[in-house]
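Taking it in order: structure first as structure tokens, then the write-up.
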Amino acid sequence: HAIDRILAGVRPFRSVSAVVFECRLGASSDVDVSFCLTDEDVRRGAFEPDGPFDPRWARVRAWLDAWAAPGSPDRPWVEVVGLELDRLGEDPTVPLPSIFWQTARDDSEDPRWLFDAVEAVSGDPVPPRLRRAVASAARALPAGRFVSHFALMLPRADRSLRMVVPRLPLASAFDYLAAIGWPGELCRLRRELAVVADRVESVALAFGLGPEPLPGLGFECYLPGTDRAAWEDLLAVLVRRGLSTPEKPAALLEWPGTSDGFHRSLTHVKLVWHPQRGVEAKAYFDIQEPVIPLAAAGAAMNDERLIGS
């Protein structure tokens, strides 16, 4: 069923440079898919939606075309755009995407291009309080750190923004959350994440602003893709903690490789903090260059251990 949902979601697209799959490591069979678009992808027509689409996709398409156009004022700020589709197959229309802007330079304190982009794709103005919250969160960053991604969860009504800060030691991530006024219990969070504290050198911290810091968090744990022993160790711990089924790590470890010209790799594990439910573990793995026919990308996911039924 999950494969059918993925294929239904990718059908309207032509080809992209990379596809990232998001798989919950627990019993859920839900799989989300992200399409990573460069300006060249957009110009060659990689994003050519046809029906049935939510009509609000037209704004996303218009912004992408403007960003990819020669001489675009947004291109120096945005390196790659990710379109993440959640809940594929629940509705006959392709769902609205969450949009991730990978930044090309650090302008975190005054990202005017971001606010313009958010207003263009959402049709709503960015409230002054949210603009100030983004600037405040940027000013609180540890020295030498920056925001690598901004994101808008377009399907959600609250219009909050997400920020991702990479390469933070876990202790620094906790200090930063305290500095921005994160509303959760830091002591409890430290206890829950002790499982990875000695297994990852740093994390990418994902948090939301709406305009106050939101309680939900993501801790993206990156390991060398070729270090199978490190991946085995981390995934085994997640199984012991009840955060992963026993079958999914085995399938993940078989994913990396090259076939038919496609390069497959594990990217990271994310520990998602839900204030009411605690920690949820997700794995992210991709398929990259050459330009990927998306039907092939969906077929590559055909492993029941990863997605259940």
Side-chain angles (χ1 to χ4, degrees), residues 22 24 26 28 30 32 34 82-87 95-103 108-111 114-115 117-119 121-142 145-193 196 202-221 243 268-282 284:
E22 174 189 314
R24 289 143 182 86
S28 171
D30 290 344
D32 301 333
S34 295
L83 302 179
E84 179 182 299
L85 301 186
D86 302 337
R87 301 184 302 278
L96 281 172
S98 294
I99 305 175
F100 289 75
W101 291 277
Q102 181 178 325
T103 59
S108 306
E109 291 191 27
D110 187 23
L114 170 69
F115 302 136
V118 167
E119 292 179 349
V121 299
S122 69
D124 299 323
V126 178
R129 287 184 62 204
L130 183 52
R131 292 172 181 256
R132 291 194 294 269
V134 170
S136 178
R139 286 194 297 270
L141 286 169
R145 294 298 182 261
F146 62 98
V147 178
S148 64
H149 295 76
F150 291 97
L152 173 67
M153 308 295 108
L154 196 54
R156 303 179 188 176
D158 62 10
R159 290 294 180 263
S160 60
L161 292 178
R162 183 179 298 180
M163 299 170 67
V164 181
V165 182
R167 295 194 291 275
L168 281 176
L170 198 53
S172 296
F174 296 141
D175 292 342
Y176 178 65
L177 289 171
I180 65 173
W182 179 66
E185 302 176 48
L186 279 172
C187 290
R188 181 186 172 201
L189 186 63
R190 286 190 178 96
R191 289 195 303 270
E192 293 287 346
L193 295 184
V196 298
S202 63
V203 297
L205 172 65
F207 62 96
L209 292 172
E212 303 298 328
L214 301 177
L217 300 169
F219 293 84
E220 300 175 2
C221 306
L243 298 174
H268 62 283
V269 166
K270 181 192 283 187
L271 299 182
V272 181
W273 173 251
H274 302 285
Q276 305 304 321
R277 304 194 304 273
V279 176
E280 179 187 22
K282 300 179 179 181
Y284 293 75

If you define the side chain from C-beta out and look only at heavy atoms, does anything of Val279 sit under 4.5 Å from Val272?
no
Rounded at 0.5 Å granularity, tell me how far CD in Glu185 sits from CZ in Arg191.
7.5 Å
Taking all non-hydrogen atoms of both residues into account, name the closest pair between Leu271 and Val196 and its distance.
CD1-CG1, 3.5 Å
With a 4.5 Å limit on heavy-atom distance, are the side chains of Pro142 and Leu168 in contact?
yes
Taking the six-membered ring for Trp, are Tyr176 and Phe207 closer than 6.0 Å centroid to centroid?
yes
Which distance, rounded to the nearest 0.5 Å, do you find between the CH2 of Trp182 and the CG of Leu177?
6.5 Å
Atom of Ile99, atom of Leu154 and distance for their closest heavy-atom approach:
CD1-CD2, 4.2 Å
Are His268 and Tyr284 close enough that their ring centres sit under 6.0 Å apart?
yes
Ignoring hydrogens, what is the shortest heavy-atom contact between Leu193 and Leu170? Give both atom names and the distance.
O-CD2, 4.0 Å
Between Asp32 and Lys282, does any side-chain N to carboxylate O distance fall below 4.0 Å?
no
Run the side chain to side chain contact (heavy atoms under 4.5 Å, CB included) check on Glu119 and Asp124 step by step: do they pass?
CA-CA 5 Å; Glu119 292 179 349; Asp124 299 323; over 6 Å; no
What is the distance from atom CG of Leu205 to atom OG of Ser172, rounded to the nearest 0.5 Å?
11.0 Å
Without swapping roles, check the side chain of Thr103 against the backbone of His149 for a donor-acceptor pair under 3.5 Å.
no
Please answer whether the main-chain N or O of Val118 pairs with a side-chain N or O of Ser122 as donor and acceptor at a distance below 3.5 Å.
yes
Non-hydrogen atoms of Arg145 and Pro166 that approach each other most closely
CD-O, 3.8 Å
With heavy-atom distances below 4.5 Å as the criterion, would you say the side chains of Phe150 and Pro111 are in contact?
yes
Before accepting this row, confirm whether a basic side-chain N of the pair Glu212/Arg129 lies closer than 4.0 Å to the acidic partner's carboxylate O.
yes
Indicate yes or no: at least one non-hydrogen side-chain atom of Pro155 is less than 4.5 angstrom from one of Asp86.
no
Could you tell me whether the side chain of Val126 reaches within less than 4.5 Å of the side chain of Arg131, counting heavy atoms only?
yes
Does Pro97 reach the side chain of Glu84, with side-chain heavy atoms less than 4.5 Å apart?
no
Inter-residue atom distance Leu214.CG - Ser160.OG, 0.5 Å rounding
5.0 Å
Is it the case that atom CZ in Arg188 sees more than 12 heavy atoms from other parts of the structure closer than 6.0 Å?
yes
Taking side chain as C-beta onward, heavy atoms only, is Arg190 less than 4.5 Å from Phe174?
yes
Val203 and Glu220: side chain to side chain contact (heavy atoms under 4.5 Å, CB included), yes or no, with the steps?
CA-CA 5 Å; Val203 297; Glu220 300 175 2; 5.9 Å; no
OG of Ser148 to CZ of Phe100, rounded to nearest 0.5 Å, is 10.5 Å
CA sep, side-chain torsions, deciding dist, call: Leu141, Val147, side chain to side chain contact (heavy atoms under 4.5 Å, CB included):
CA-CA 9 Å; Leu141 286 169; Val147 178; 4.1 Å; yes
d(Trp273 CH2, Glu280 CD) to nearest 0.5 Å is 12.5 Å
Beyond-backbone contact of Arg167 with Phe146, side-chain heavy atoms, under 4.5 angstrom:
yes
Could you walk me through whether Leu152 and Val121 pass the side chain to side chain contact (heavy atoms under 4.5 Å, CB included) test, one step at a time?
CA-CA 9 Å; Leu152 173 67; Val121 299; 3.7 Å; yes
Does Arg277 pair with Glu192 as a salt bridge, N-O distance under 4.0 Å?
no
